[in-house]
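See below for the structure under consideration.
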Amino acid sequence: MTSKTVAQLLSQAETPQDVTIKGWVRTFRANRFIALNDGSTINNIQCVVDFENFDEALLKRITTGAAIHVTGELVESQGKGQSVEIVVKTLEILGDSDPETYPIQPKKHSFEFLRENAHLRTRTNTFSAVMRLRSSLSFAIHKYFNENGFNYMHTPIVTGSDAEGAGEMFKVSNLDAKNPPLNEDGSINYKEDFFGKETNLTVSGQLEAETYAMSLGKVYTFGPTFRAENSNTSRHLAEFWMIEPEVAFMDLAGNMDLAEDFMKSVLSDILKNNKEDLEFLEKRLLDEEKTKPQAERSAMSLIEKIKFVVDNNFKRVSYTEAIDILRNSKPNKKKKFNYIINEWGADLQSEHERYLVEKHFKCPVILFDYPADIKAFYMRLNEPDDQGRETVRAMDILFPGIGEMVGGSQREERLDVLKEKMKALDIDEKELWWYLDLRKYGTAVHSGFGLGFERLVMFATGMGNIRDVIPYPRTPQNAEF
Ligand code: 4AD
Ligand code: MG
């Protein structure tokens with residue numbers, strides 16, 4: 001008799017049969033009913049103990065959180081709430097759990113409390129569902145790219161370049177911080193550092209991904225990226241996972257098509273494969289929203305929101321159109337925005353992005369052709385418009401409830417234009433010689449984007465704080481576990 005998972009027992013429900021199962025006790029009720037969970041499904045299996053036949057001392061050790069091994073007979077359930085249950089023949093305690101100190105009691109815990117107990121929080125329904133979904137989404141992402149001819153590329157985590165030119169990087173060094181070797185002018189001599197130069201944790205694998213796109217054609221990365229921005233928001237992490245496809249001979253329109261098709265595909269996969277977890281999370285979200293004023297509740301349920309994205313086209317809107325909409329919007333005219341939009345060229349804040357997707361368009365929006373001045377150096381410069389304004393072939397995809405989910409662009413493939421841009425922004429050509437080489441030898445139109453994985457998981461699970469969709473969040477002043 002081999003051990004089966006709870007998911008297998010609940011789905012194949014052939015009764016009666018002898019079974020053996022291991023898991024953790026969620027609850028033990030009336031000295032008779034154990035709700036057992038092994039992480040394979042949101043559902044528990046009920047194990048019925050005939051307490052007269054078991055030692056009192058053993059029964060006392062069946063406490064919430066204890067690991068147990070049960071053998072018995074799987075039978076059709078007498079009670080309501082489950083189709084099958086196990087009539088226990090033998091029960092072994094594998095690991096005790098002291099009810100006086102075990103933090104995860106069978107009651108509602110706040111997410112703040114569970115974050116402090118992140119090593120145990122996946123023993124709750126909410127977090128086990130979220131993390132199973134996170135795993136399924138990862139798989140769906142690899143599957144999508146694999147089926148569409150992309151090569152999975154591992155870009156370096158330690159790099160010598162600042163891909164975004166934003167300077168929000170964590171330094172990597174093994175110099176003695178108290179007593180570093182100095183140059184004559186008193187600055188730190190990084191030639192003596194481990195790599196012989198200044199290095200940092202990567203903010204994006206894009207620049208390296210571009211090199212492989214320009215030989216392998218279609219590539220993607222999916223790995224950890226790091227930002228030392230001091231943003232303590234529900235949407236920012238210092239360490240997050242990013243998916244970055246990069247494709248040769250693809251322009252911005254193709255990039256939008258790819259991003260939209262990709263997101264629809266992975267979301268439709270989880271609708272198929274994670275039904276029970278999604279139903280649980282949908283109910284959780286409904287309960288949470290009941291505590292909010294009517295106006296803040298969403299019109300659609302979680303699964304409806306996901307289906308809506310899968311079934312409807314994203315709205316494509318140029319930055320210039322968006323600025324017009326925002327300038328004429330009620331909150332702008334009534335000065336309700338923190339940042340009032342006066343003129344073309346203004347950077348969009350999350351309040352503006354949210355207005356566009358949540359109030360105006362009410363669907364995912366792809367904003368494109370941003371002012372050159374507010375975007376990264378590598379983006380493809382457009383011809384100036386009729387008013388002489390310069391834009392780049394950038395795109396951001398904004399999602400209701402999330403804000404920016406994707407940032408991407410067509411890349412500047414013209415050597416002279418790229419060099420000029422780098423000069424204007426004081427980016428050292430010598431540092432990026434290899435990036436410039438791509439424009440010297442067989443340059444071509446190419447594009448790509450970066451999708452923040454945790455933001456996608458937030459959307460798919462309805463969780464409101466990014467700290468609750470990654471196992472061990474790294475945020476300012478926090479690197480526990
Ligand atoms: O817009 P970003 O900065 O774009 C890039 O890094 C490009 N190099 C990507 C590319 O074209 N290959 O970041 C991309 C996405 C954002 O849209 C957002 O979803 C996510 O990464 N992101 C973050 N997620 C969590 N915490 C943070 N601090 C994030 N910063 C960006
Ligand atoms: Mg961005």
Side-chain angles (χ1 to χ4, degrees), residues 134 137 141 145 150 153 155 159 161-170 201-213 218-247 250 252 254-256 258-259 262-263 319 347-350 352-353 357 364-368 370 374-380 392-399 401-412 432 435 446-460 463 465-470 473-476 478:
R134 186 181 163 106
L137 271 171
I141 287 164
F145 287 123
F150 283 73
M153 175 194 180
T155 48
T159 69
S161 52
D162 176 3
E164 288 303 293
E168 292 159 333
M169 299 179 297
F170 291 102
L201 294 178
T202 186
V203 295
S204 158
Q206 177 198 322
L207 303 192
E208 290 90 352
E210 279 186 57
T211 66
Y212 270 40
K218 289 175 165 188
V219 299
Y220 75 105
T221 73
F222 185 176
T225 50
F226 306 85
R227 307 259 165 119
E229 48 189 344
N230 201 6
S231 321
N232 240 320
T233 79
S234 57
R235 294 181 173 76
H236 288 88
L237 290 165
E239 176 181 286
F240 64 99
W241 287 65
M242 186 149 56
I243 297 110
E244 297 185 273
E246 192 70 35
V247 181
M250 185 177 77
L252 188 65
N255 207 19
M256 293 186 204
L258 173 65
F262 163 65
M263 290 168 87
Y319 167 89
D347 204 353
L348 300 184
Q349 306 296 324
S350 65
H352 308 127
E353 297 177 341
V357 287
V365 172
I366 310 182
L367 282 186
F368 62 94
Y370 280 76
I374 59 171
K375 287 288 182 189
F377 74 94
Y378 51 70
M379 296 184 178
R380 176 64 157 79
V392 284
R393 279 177 208 168
M395 66 171 199
D396 275 8
I397 305 186
L398 314 177
F399 259 58
I402 305 289
E404 183 189 329
M405 177 89 85
V406 166
S409 71
Q410 187 176 319
R411 318 305 187 188
E412 184 55 77
L432 287 180
Y435 189 69
H446 63 287
S447 304
F449 63 84
L451 180 144
F453 184 51
E454 283 72 24
R455 295 194 183 169
L456 181 66
V457 182
M458 284 176 81
F459 178 76
M463 297 296 279
N465 192 316
I466 200 163
R467 292 166 180 78
D468 297 331
V469 299
I470 186 165
R474 300 302 180 230
T475 51
N478 174 39

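Counting starts at 1 for both ligands and their atoms, in listed order.
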Using only atom types and a distance under 3.5 Å, with no angle test, would you say the side chain of Glu244 pairs donor to acceptor with the backbone of Gly205? yes

Whether Thr233 side chain and Arg235 backbone form a donor-acceptor pair below 3.5 Å: yes

Sorted by chain and number, the residues that approach ligand 1 to under 4.0 Å with a heavy atom: Glu164, Ser204, Gln206, Arg227, Glu229, Arg235, His236, Leu237, Phe240, Met242, Glu244, Tyr378, Glu404, Met405, Val406, Gly407, Gly408, Arg411, Gly448, Phe449, Gly450, Gly452, Arg455, Ile466

Residue among Arg411, Glu210, Gln410 satisfying side chain to side chain donor-acceptor pair (under 3.5 Å) with His446: Glu210

For Glu168, all residues meeting side-chain contact (heavy atoms from CB on, under 4.5 Å), sequence neighbours excluded: Ala166, Glu229

Looking only at heavy atoms, the pair that brings Gly408 and Asp396 closest together is N-OD1, 4.4 Å

Please report the closest heavy-atom contact between Ser409 and Ala394, naming both atoms and the distance. CB-CA, 3.8 Å

Is the backbone N or O of Gly448 less than 3.5 Å from a side-chain atom of Asn255, with the two atoms forming a donor-acceptor pair by type? yes

Quick one: list whatever passes side-chain contact (heavy atoms from CB on, under 4.5 Å) with Met169, sequence neighbours left out. Asp162, Asn200, Val203

Have a look around the Mg ion (ligand 2) and list protein N/O/S atoms under 2.8 Å, or say none. Glu404 OE2

Is there side-chain contact between Thr475 and His236, with heavy atoms separated by less than 4.5 Å? no

